[in-house]
Peer 1: 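This structure is in structure tokens; I'll ask about it shortly.
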Amino acid sequence: QVQLVESGGGSVQVGGSLRLSCVETGGTSMSRAMGWYRQAPGKEREAVATISWSAGNTWYADSVKGRFTISRDDAKNTVYLQLNSLEAEDSGDYYCAASKGLNYVPPLFRGDYWGQGTQVTVSS
């Protein structure tokens with residue numbers, strides 16, 4: 001059974017950086033699209049960034065383009081999300097998602113497996 005475990009969240013000031021990690025265990029292959037979502041209090045969960053199984057293609061929400069970078073290390077069964085130039089609006093719970101398929105662009109990308117989330121708080 002696939003399990004995803006996120007880490008790396010925390011509290012930073014506006015303009016700061018964080019690196020989130022998501023380790024997959026229990027799966028037989030990392031040949032799947034992966035992604036990061038976030039949910040702020042009172043708001044719906046939204047896709048932030050996704051990456052194709054070959055890591056050759058990525059997708060970003062407009063609000064994070066140029067500031068966030070998604071990457072993956074299949075040898076470590078790990079997906080990363082580098083968050084730079086953080087803004088207060090980036091605060092929320094960040095979730096790692098894994099798809100059973102190869103589509104990496106939302107909404108074709110969908111999370112079939114989810115982590116428990118890691119909290120990011122950005123304060124001014």
Side-chain angles (χ1 to χ4, degrees):
Q1 182 177 354
V2 173
Q3 291 188 320
L4 304 175
V5 179
E6 304 100 330
S7 62
S11 296
V12 296
Q13 293 188 324
V14 170
S17 298
L18 285 172
R19 189 193 195 200
L20 308 183
S21 299
C22 170
V23 179
E24 176 181 332
T25 61
T28 59
S29 173
M30 277 288 284
S31 295
R32 62 174 102 256
M34 303 287 293
W36 286 92
Y37 285 67
R38 69 183 179 191
Q39 186 168 21
K43 294 187 177 181
E44 293 186 354
R45 186 176 298 188
E46 62 175 350
V48 175
T50 59
I51 188 166
S52 64
W53 75 272
S54 65
N57 297 293
T58 56
W59 172 91
Y60 296 95
D62 288 342
S63 58
V64 306
K65 281 182 181 176
R67 300 188 299 120
F68 292 7
T69 302
I70 188 171
S71 61
R72 63 191 297 164
D73 184 340
D74 289 346
K76 297 182 179 180
N77 288 351
T78 302
V79 176
Y80 303 98
L81 186 66
Q82 179 68 42
L83 292 67
N84 295 330
S85 302
L86 282 162
E87 304 169 353
E89 293 73 22
D90 295 318
S91 295
D93 293 321
Y94 282 70
Y95 298 89
C96 177
S99 172
K100 291 182 179 179
L102 301 180
N103 290 311
Y104 70 96
V105 179
L108 294 179
F109 173 91
R110 69 173 192 275
D112 295 303
Y113 307 101
W114 293 88
Q116 83 290 348
T118 185
Q119 189 173 57
V120 172
T121 303
V122 185
S123 59
S124 57

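If you read the sequence from its start, that first residue is 1, and numbering goes on from there. Computed over heavy atoms, backbone and side chain alike; hydrogens, waters and symmetry mates excluded.
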Peer 1: Rounded to the nearest 0.5 Å, how far apart are CD of Glu24 and CZ of Arg72?
Peer 2: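 Glu24 CD to Arg72 CZ: 8.5 Å, rounded to 0.5 Å.
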
Peer 1: Give me the atom names and distance for the closest heavy-atom approach of Val120 to Asp90.
Peer 2: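 So the two residues come closest at CG1-O, 4.3 Å.
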
Peer 1: Look up atom CG in Leu83 and atom CZ in Arg19, then write down how far apart they are to the nearest 0.5 Å.
Peer 2: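 Interatomic distance, Leu83 CG to Arg19 CZ, rounded to 0.5 Å: 11.5 Å.
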
Peer 1: Treating Asp73 as the side-chain partner and Ala75 as the backbone partner, does any N or O pair qualify as donor plus acceptor under 3.5 Å?
Peer 2: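 A pair under 3.5 Å: yes.
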
Peer 1: Measuring from Ser7:OG to Gln116:CD, what's the distance to the nearest 0.5 Å?
Peer 2: 8.5 Å

Peer 1: What is the minimum heavy-atom distance between Arg38 and Val48, and which atoms define it?
Peer 2: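 In terms of heavy atoms, the two residues are closest at CG-CG2, 3.5 Å.
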
Peer 1: What salt bridge (Lys or Arg N to Asp or Glu O under 4.0 Å) pairs are there with at least one residue in residues 114-124, not counting sequence neighbours?
Peer 2: none

Peer 1: Show every disulfide (SG to SG under 2.5 Å) that has at least one partner inside residues 56-91, sequence neighbours left out.
Peer 2: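 Of all non-adjacent pairs touching residues 56-91, none passes disulfide (SG to SG under 2.5 Å).
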
Peer 1: Is there a donor-acceptor pair under 3.5 Å between the side chain of Ser91 and the backbone N or O of Val122?
Peer 2: yes

Peer 1: Kindly give the heavy-atom pair with the smallest separation between Met34 and Cys96, and that separation in Å.
Peer 2: CE-SG, 3.9 Å

Peer 1: Under a 4.5 Å side-chain heavy-atom rule over Ile, Leu, Val, Met, Phe, Trp and Tyr, are Tyr94 and Val14 clustered together?
Peer 2: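 Shared cluster, yes.
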
Peer 1: Between Arg45 and Asp93 (side chain of the first, backbone of the second, donor and acceptor by atom type, cut-off under 3.5 Å), is there such a pair?
Peer 2: no

Peer 1: Is there a side-chain contact between Tyr60 and Thr69 in this structure, where contact means two heavy atoms from C-beta onward sitting under 4.5 Å apart?
Peer 2: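 Touching, per the 4.5 Å side-chain cut-off.
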
Peer 1: Rounded to the nearest 0.5 Å, how far apart are CD1 of Ile51 and OH of Tyr80?
Peer 2: 11.5 Å

Peer 1: Are Tyr95 and Val64 connected in the hydrophobic side-chain network, where two residues link if heavy atoms are under 4.5 Å apart?
Peer 2: no

Peer 1: Search all heavy atoms of Ala47 against all heavy atoms of Pro106 and return the closest pair with its distance.
Peer 2: CB-CG, 3.8 Å

Peer 1: For Cys22 and Leu4, work out which heavy atoms get closest and say how close.
Peer 2: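 Where Cys22 meets Leu4 most closely, the heavy atoms are SG-CB, 3.9 Å.
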
Peer 1: To the nearest 0.5 Å, what is the distance between OG (Ser11) and CD (Gln119)?
Peer 2: 7.0 Å

Peer 1: Any side-chain heavy atom of Leu86 within less than 4.5 Å of one from Leu18?
Peer 2: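 The answer is yes, as the side chains (C-beta and beyond) meet within the 4.5 Å cut-off.
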
Peer 1: Is the shortest side-chain N to carboxylate O distance from Arg32 to Asp112 below 4.0 Å?
Peer 2: no

Peer 1: Can you give me the closest heavy-atom contact between Leu20 and Trp36, atom names plus distance?
Peer 2: CB-CH2, 3.6 Å

Peer 1: Report yes or no: do Val12 and Leu81 belong to one cluster of Ile/Leu/Val/Met/Phe/Trp/Tyr joined by side chain heavy-atom distances under 4.5 Å?
Peer 2: yes

Peer 1: Please state whether the rings of Trp114 and Tyr37 are parallel, tilted or perpendicular, taking 30° and 60° as the class boundaries.
Peer 2: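 Trp114 and Tyr37: perpendicular rings.
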
Peer 1: Mind checking the CD1-OG1 spacing from Ile70 to Thr50? Nearest 0.5 Å is all I need.
Peer 2: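 Going from the CD1 atom of Ile70 to the OG1 atom of Thr50 covers 6.0 Å.
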
Peer 1: In this structure, are over 12 heavy atoms from other groups packed under 6.0 Å from Glu46 atom CD?
Peer 2: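 Yes.
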
Peer 1: Flag yes if Phe109 and Trp53 sit in one hydrophobic cluster, no otherwise; membership is Ile, Leu, Val, Met, Phe, Trp, Tyr, and two members link when side-chain heavy atoms are under 4.5 Å apart.
Peer 2: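 No; Trp53 is not reachable from Phe109 via cluster members.
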
